Structure formats: C-alpha cells, structure tokens
Amino acid sequence: MRFRSHMDLALAEARAAATRGEVPVGAVVADASGRVIAQAGNRTRELSDPTAHAETLAIRAACAALGSERLTGCALWVTLEPCPMCAAAISFARIARLHYGAADPKSGGVERGARVFSHPQCHHRPEVFDGIAAAESEVLLSRFFAGLRKP
C-alpha cells in the first residue's frame, strides 16, 4: 500500500470550523486501505457540547460508517495535537496510527501535558507521527486567536 496523507482534508475541515466561529481544528479518519471514511471539524460552540472536538466527531462518524466501536487498522489525521479527552478516545477506538500537525503545549495529551499513551492504564497506543503540515495548522490557529483579541 502506498502512503497518502489526508492532512489536506483535515486542514479544509479546520478552515471550515474557523468560518463557523469554532477553534480551527479538523480531523479525518481513513481505513486500512487509505480510503477516507469520516471527516469533521470542531463544533463545540455550534452543538453546545464540550466533547464535540474534531477528533471525537470523526471517530463517531467512522464507527457509525463501519458499524463498530473499534477502528482497528484505521489512521486519524488531525491538525492539532489531541487533548487528553481525544487521546483517550483514540485509544479506546483502537486507532492504529495518529498523524497530527501543530503541537499543543497548553492542552496537548499526546506528547505534552497528560501524555495519555504513555500511562500504564492505556490499553492501546497508536503509532504517532507529529509535525505534519504543522506550520499551516499553526497559522490557522494563531490567526483565529489573534482575531478574537482584536477590539
């Protein structure tokens, strides 16, 4: 199987989230063959749901599409390092590979902060690939937050 990045779709979801007034984070789930089965952007404000992060929405849609609570063999592409809640969901869903863009030193749950996958209580640890399209992801986030701070 040939490697194919789906970060372009995740970035498109992040841009769409920003236009909705959401923090610009996007996520894509691809099956073991690389076919996209779900994609989402943040919708916490729209849905009044603090769990409606791009990752959880994409995981829910992928599970529904496959008719399973497990996404064995699947890969997740996300524009920002997942928070601890999303990292736990990734583990519970048994996602095989996590690809993410920008690091999140404040709220990250993978390489920073809680480091969910390094805990002995974590039953599944995906392969992690970071820094993919990090610069573009960081620009989306910094522009969004700079816009919130303008008078």
Side-chain angles (χ1 to χ4, degrees), residues 1-18 20 22-141 144:
M1 179 177 74
R2 192 170 155 228
F3 175 80
R4 173 155 191 248
S5 173
H6 293 294
M7 191 58 82
D8 57 337
L9 292 175
L11 286 163
E13 287 289 342
R15 286 188 287 275
R20 293 190 303 270
E22 301 279 356
V23 174
V25 177
V28 173
V29 177
D31 67 14
S33 71
R35 179 180 60 96
V36 172
I37 54 176
Q39 56 193 75
N42 273 358
R43 292 185 181 273
T44 59
R45 293 178 178 154
E46 177 185 338
L47 299 175
S48 299
D49 179 355
T51 70
H53 290 194
E55 301 95 309
T56 60
L57 295 174
I59 289 169
R60 289 173 189 158
C63 287
L66 296 179
S68 174
E69 78 280 10
R70 300 279 169 90
L71 299 174
T72 307
C74 291
L76 175 68
W77 300 85
V78 62
T79 58
L80 180 64
E81 177 182 358
C83 71
M85 174 187 71
C86 292
I90 290 163
S91 178
F92 292 143
R94 304 299 196 264
I95 289 175
R97 289 168 310 287
L98 166 63
H99 307 264
Y100 71 85
D104 190 350
K106 182 178 177 185
S107 301
V110 177
E111 298 294 328
R112 289 135 198 94
R115 300 178 193 232
V116 170
F117 303 137
S118 67
H119 285 267
Q121 295 85 358
C122 183
H123 297 293
H124 172 76
R125 293 162 183 83
E127 286 184 88
V128 176
F129 305 91
D130 64 350
I132 301 166
E136 191 169 353
S137 297
E138 289 166 3
V139 166
L140 282 171
L141 289 159
F144 176 80

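Treat the numbers as computed from the prediction; the structure is a model and nothing was measured.
Proximity of a side-chain donor or acceptor of H124 to a complementary backbone N or O of I95 within less than 3.5 Å is detected. Judged by distance alone, the side chain of D31 and the main-chain N or O of S33 form a donor-acceptor pair under 3.5 Å. A donor-acceptor pair is defined here as one N or O able to donate and one able to accept, closer than 3.5 Å; no such pair exists between the side chain of R97 and the backbone of E127. With R4 contributing its side chain and R35 its backbone, the two residues share no donor-acceptor pair below 3.5 Å. Here the side chain of E13 pairs a donor or acceptor atom with the backbone of G41 at under 3.5 angstrom. In this structure, the side chain of T79 does not engage the main chain of S137 through any donor-acceptor pair within 3.5 Å. Between the side chain of E55 and the backbone N or O of V78 there is no donor-acceptor pair closer than 3.5 Å.
Taking every heavy atom of both residues into account, L47 and A52 meet most closely at CD1-CB, 4.0 Å. The shortest non-hydrogen separation linking A61 to A38 is CB-CB, 3.7 Å. Smallest separation of non-hydrogen atoms from P24 and A18: CB-CB, 3.8 Å. Pairing each heavy atom of N42 with each of A54, the nearest pair is OD1-N, 2.7 Å. Between A14 and G26, the shortest heavy-atom contact is CB-N, 3.6 Å.
Atom-to-atom distance recorded for C122:SG and R115:CZ is 14.0 Å, nearest 0.5 angstrom. The NE2 atom of H119 sits 10.0 Å away from the CZ atom of R125 when rounded to the nearest 0.5 Å. Distance CG/L57 to CD/Q39: 12.0 Å, rounded to 0.5 Å.
Residues C74 and I37 have side chains in contact (heavy-atom distance under 4.5 Å, counting atoms from C-beta outward). For the pair L71/I59, a side-chain contact is recorded, criterion being any heavy-atom separation below 4.5 Å from C-beta on. Side-chain contact between R94 and H123 is present, with at least one heavy-atom pair separated by less than 4.5 Å. Contact check for V128 versus E111: side-chain heavy atoms found under the 4.5 Å cut-off. Within the 4.5 Å cutoff, the side chain of P50 has no heavy atoms near those of the T44 side chain. Between E136 and R15 the shortest side-chain heavy-atom distance falls below 4.5 Å. Between H53 and C83, the closest side-chain pair of non-hydrogen atoms falls below 4.5 Å. No side-chain heavy atom of L80 sits less than 4.5 Å from a side-chain heavy atom of Y100.
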>> Could you go through L76 and I90, starting from their C-alpha distance and side-chain angles, then the distance that decides it, and tell me whether this counts as side-chain contact (heavy atoms from CB on, under 4.5 Å)?
In response: CA-CA 8 Å; L76 175 68; I90 290 163; 3.5 Å; yes
> Could you go step by step and tell me if D49 and T51 meet the side chain to side chain donor-acceptor pair (under 3.5 Å) rule?
Replying inline: CA-CA 5 Å; D49 179 355; T51 70; 2.6 Å; yes
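Using a cutoff of 4.0 Å between basic side-chain nitrogens and carboxylate oxygens, E69 and R60 are not scored as salt-bridged.
The aromatic rings of W77 and H6 lie perpendicular to each other, with more than 60° between the two planes, well past the 30° mark.
The side-chain contact (heavy atoms from CB on, under 4.5 Å) test with E81 is passed by exactly one of D130, V25, L98, D104: D104.
For the residue pair R43/S48, the side-chain donor-acceptor check at 3.5 Å is not satisfied.
Atom CZ of F144 is surrounded by more than 12 heavy atoms from other residues, nucleotides or ligands within 6.0 Å.
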